[in-house]
Each structure stands twice: as structure tokens, then as C-alpha cells.
There are 2 protein chains.
Amino acid sequence: MGRTSEAKDKLINSAIDLISNRSYSSVGVQELCDNAGVKKGSFYHFFDSKKELTIVSLRAMWDFYRENCIIPLIESDLSLEDKFDSLLHKSYEMSVNSKECNGCLSGCPFGNLALELSTQEEEIRLVIENIFREWIECFEKIINKSVERGELPIDTNSYATAQSIIAYMEGLSLMGKTFNDPEIVKNLGCVVRNLSICSCKEV
Amino acid sequence: MGRTSEAKDKLINSAIDLISNRSYSSVGVQELCDNAGVKKGSFYHFFDSKKELTIVSLRAMWDFYRENCIIPLIESDLSLEDKFDSLLHKSYEMSVNSKECNGCLSGCPFGNLALELSTQEEEIRLVIENIFREWIECFEKIINKSVERGELPIDTNSYATAQSIIAYMEGLSLMGKTFNDPEIVKNLGCVVRNLSICSCKEV
DNA sequence: CTATTATTTTACCAACTGGTCAACTAAAGG
DNA sequence: CCTTTAGTTGACCAGTTGGTAAAATAATAG
């Protein structure tokens, strides 16, 4: 059935690369194509629009992060503290790497696009909302396991705690990017453990 | 000497209005002018570029927020907890208002622009970095006062704690905006108090 | 009243935006 | 081998982008 092509994957990787390191609006379809070594006509053969490619790329990034960084953590039997330390350390390492390669921290691609587009591109906002939801559910599992093991009080609100931790991690990303300093991610990371003790019963 | 004009202020307000609720790149100079009731020629009479207007607007927003929301808090003699509760509550009210007026949460204008532009517009990143710095210093004062009053341990790292709290507030803004739900800002707000107990001596 | 100065207006520019289209080409299936 | 199908190409479009320049206008200080 006709010829095969790598153009689609090349475009997705191009989008992950360019949009994560810059922003949605600063990257044009033309540049996306040039960077992928693909002609614009091919772009519109595989994707309806720049928005659609972005959505596909977001899901691809999330799938990768979940499979490689979060799922292994759920299955491991490290302590709660060590689990989040490990995650934060990975985030620190990515910051250092990003600074070395591009001279600046690119931050979290989900958070970046969420703030840039949530008020304007409802479809993209919804995709990121769902990614965050899945993310929260993963952390919820980790926290529930900890509750079962007696590391956390029995009345812990796992969902709210998970959400708080992600919010804080996003906040760290934001501060690191703004100050262009990976050390912020490292130094402020240790405070996450304080968030595990969610004392708000009414949440 | 020559005629006077309100165009400059009108343009600043226009920028605060449009850029806060959308994004830097999605608002053009033309729209900025139309919204201010000013011709494009006048824009470039008062500002060198869209970037310059944005910088002026950022400082104007920060001055307003500092004078009206933070300074009064430094001078008040509420408990630490009540101070942050009050701040978070204001942020919640703004979210509710934003949702009522625009159908969505616009989030924190500093955080928004920081994530959108930090990797591309170094000048703007620096302006926001400095605003965050001043913000941290304000919170540091509040925390130091609390330490003096014995509300917090004597070895509290005020600067790191202040930075953590702002990071968390930015994270809440981000989550609220992404989920388009002011209640997130409210429900997760109460966890801030856990951040005040910064147990990381080495930071 | 006039000269000076600040502001406003209009028309304009080249570069770029996301997106379209029809012609063309290569490969796989029968 | 030839038809079908999938992928590629480059020319093209209308609308928009940030920014310019010169002429017109209004207010103020002397």
C-alpha cells in the first residue's frame, strides 16, 4: 500500500525539540519542517494543523516520561522520600543538561504550554489537563502505597497531596527557568517532603 | 512644552489587560493600540518596541501588587499563617473573578511571561527575575519577623523558605489555570503552611 | 501672536504566518 | 509489470507581523 515514510516521526521529534525549548507561537510550521528535513506539503499530509502536531507531541512526551520516570518508581520499593528525591534529582539533571546545551533551562514542556496557551487554545489546555490528571493518579498510587506501609497517616488525602507535589514541582521548574539556575531546582527540592504531610482534612 | 498625552498610560493599561489574559506573542502591536484607542504611530513615539512596553507593564503590575497586597502584610501583625492565608485568599478571589469575566483563569502574569519568554527574550527574563527577587525579599522580611516572634525555629532559612512559598504559589496558579478551576487554588492553598517549616539546614 | 515642542496621523514596508493545491514520484500488492 | 495507494514537492495565497517616516496638528511658554 503505497510508500512508507519517517516524516511523521521526524515532525513529532522536531516539535518536541523546538517547542519544548522555545514556545508554541515562536516556532512556525516552516521551521518545524526545516528542522525535520521535511517539506511543508508533507507536514499537512500528516497533520491538520500545527495545533494537532503539538497535541500529538505532548502525548508522546508524556508517554515517554511516564514509562521511563514514573512507572518504575511506582513499582520500586524505595521509601516515599527516596522516590521523590529520585524524581527531583532527575529533574535537576535535566536542568543542568538543558543549560549546558542551550544556555538556558527549558523547564517543563507541559507547564510551559499550559501557561502559554490555556486561555487561548482550549483543546491544548484539555490535553494538558488530562496529562496532569494522569500524573496525579500516578503519584496517588505512590502515596497510597506509602500509607499502606505506615509511612504516612491513615487519613492522608492522597489525591490532594499528589496534586500539591506536582504543583510544587511545576513551581520549581518555573523558578529554575526564570532564574536560569538549575541549583534552585536542587536546593528547593528537599522541601517537597513537607508537602507529603497534608494536614488539611477538609480538602 | 508641547501638548500632553494620556496615550502612554493607555498603552500600558492595554498591555496589562491583553498580555496578562492571553500571552506575549498572541497580542500584536496593532491590537494593543486599538484596545488603547491609540494609533500605531503614537505607540512608537512612546515605546521603542513591543518588548519595551511589556517590560514597563511588568514593572507597573509588580509595583501595584507589592504596594497593595504585600507591603500591607509586612506591616500588619497577623500570624504567619494568617498572612499567607490572606494572600492565597486574594489569589483565589482573583481567579474567581477572572473566570467570571473571561471564562478562564489568567494566572500570574509574571509566571506566564516567565515560561513563555525566558528562553527567548533575555531582557524580559531578567526583569521577571528581579521582580521575583524583590518578591522573595518581601517574604523574607515577613518570615524573619515570625522567627523573631518565636513562631518559627531560630535556624529557619528565611530566603529559601520564601522562595519555596513563591514557587508553590506559582505552581498553584499554574494548576488552577490548567484545570481552569479556581477551587484548586483554594483547596491546595492550605498546604503552604507546611512549607514554612523548612527543615533543610544545608540550603 | 508666534515659535517651539510634543503628539498624532496616515500611508507604507518587507518579512513572515498558517495553510492550500495540483502535479509528481516511488513503492508495495496483485 | 502495472495499477493502486501513499508520500513528496514547490509554487502559491491572503492576512498579519513588528516597525518606519514624514507630514499634520495641537498645546504651551515666552
Side-chain angles (χ1 to χ4, degrees), chain A residues 1-58 113 116-117 119-125 127, chain B residues 1-58 112-113 116-125 127:
Chain A
M1 2 157 104
R3 58 213 278 204
T4 55
S5 169
E6 293 142 37
K8 192 168 180 173
D9 285 331
K10 285 199 259 174
L11 283 167
I12 293 172
N13 289 328
S14 175
I16 291 178
D17 174 29
L18 293 173
I19 297 181
S20 300
N21 286 309
R22 304 234 293 277
S23 73
Y24 180 79
S25 358
S26 75
V27 177
V29 175
Q30 192 56 60
E31 194 184 359
L32 246 7
C33 293
D34 292 347
N35 187 57
V38 158
K39 295 288 149 59
K40 204 194 268 195
S42 291
F43 181 107
Y44 285 99
H45 176 71
F46 290 107
F47 300 100
D48 283 348
S49 62
K50 180 179 152 189
K51 186 161 85 181
E52 204 209 297
L53 170 60
T54 306
I55 289 174
V56 172
S57 305
L58 276 167
L113 289 194
E116 183 186 353
L117 301 173
T119 62
Q120 302 169 80
E121 297 286 353
E122 178 68 2
E123 274 183 68
I124 292 185
R125 185 191 69 72
V127 170
Chain B
M1 316 191 129
R3 55 213 281 206
T4 56
S5 168
E6 293 142 36
K8 192 168 181 173
D9 285 331
K10 284 199 263 177
L11 283 167
I12 293 172
N13 289 328
S14 175
I16 291 177
D17 174 28
L18 293 173
I19 297 180
S20 301
N21 287 309
R22 303 233 294 277
S23 72
Y24 180 78
S25 358
S26 75
V27 177
V29 176
Q30 191 57 59
E31 194 183 359
L32 247 8
C33 293
D34 292 347
N35 187 56
V38 158
K39 295 287 149 58
K40 202 194 269 195
S42 291
F43 181 107
Y44 286 99
H45 176 72
F46 289 106
F47 300 99
D48 283 347
S49 63
K50 181 179 151 189
K51 186 161 84 180
E52 203 210 297
L53 169 61
T54 306
I55 288 174
V56 172
S57 304
L58 277 167
N112 291 345
L113 289 194
E116 184 187 353
L117 301 173
S118 281
T119 63
Q120 304 168 81
E121 296 286 352
E122 178 69 3
E123 273 183 70
I124 292 185
R125 186 192 67 73
V127 170

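Note on naming: letters A, B, ... go to the chains in the order of the sequence lines (proteins, then strands), and numbering restarts at 1 for each one. Values in this document were obtained by computation on a predicted structure and should not be read as measured data. When reading the values below, keep in mind they use all heavy atoms of this one structure, side chains included, and skip hydrogens, waters and symmetry mates.
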Whole-Å distance between [N] [atom2] and [X] [atom1]?
X     : N      : atom1 : atom2 : value
B:Y44 : C:dT10 : OH    : P     : 18 Å
A:R3  : D:dA6  : CZ    : C1'   : 8 Å
B:E52 : D:dG18 : CD    : P     : 15 Å
A:H45 : D:dG10 : NE2   : C1'   : 16 Å
B:L32 : D:dG19 : CG    : C1'   : 14 Å
A:K39 : D:dG7  : NZ    : P     : 17 Å
B:Q30 : C:dT17 : CD    : C1'   : 16 Å
B:F46 : C:dT8  : CZ    : C1'   : 9 Å

Is any N or O donor-acceptor pair between the side chain of A:K50 and the base of C:dG19 shorter than 3.5 Å?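 Looking at the base of C:dG19, it does not pair with any donor or acceptor on the side chain of A:K50 (distance under 3.5 Å).
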
Is there a donor and acceptor pair closer than 3.5 Å between the side chain of A:K40 and the base of D:dG10?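 By the distance-only test, no, there is no pair.
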
My understanding is that only one of A:L113, A:L18, A:I12 makes a side chain to side chain contact (heavy atoms under 4.5 Å, CB included) with A:S57; could you say which?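 Of the listed options, the one satisfying the test is A:I12.
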
Which heavy-atom pair separates B:S14 from B:L32 by the least distance, and what is that distance?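 For B:S14 versus B:L32, the nearest heavy atoms are OG-O, 2.8 Å.
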
Do A:R22 and A:E31 sit within salt-bridge range, that is, some charged N less than 4.0 Å from a carboxylate O?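 Counted as a salt bridge, because a side-chain N and a carboxylate O are separated by less than 4.0 Å.
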
When we call it a touch if two heavy atoms are under 4.0 Å apart, what does [X] touch: a base, just sugar-phosphate, or nothing?
X     : result
A:F43 : nothing
A:G28 : sugar-phosphate
A:S42 : base

Would you say a side-chain N or O of B:S5 is under 4.0 Å from OP1 or OP2 of C:dT8?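 The answer is yes; a side-chain N or O of B:S5 sits under 4.0 Å from OP1 or OP2.
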
Are any of A:T4's side-chain N or O atoms less than 4.0 Å away from OP1 or OP2 of D:dG7?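 Answer no for this pair, as no side-chain N or O of A:T4 is under 4.0 Å from OP1 or OP2.
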
Neighbour count >12 (heavy atoms, 6.0 Å) for atom CD, A:Q30: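 For A:Q30, atom CD is crowded (more than 12 foreign heavy atoms under 6.0 Å).
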
Does B:E6 have more than 12 heavy atoms from other residues, nucleotides or ligands lying within 6.0 Å of its CD?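 Check fails, neighbour count at 12 or below.
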
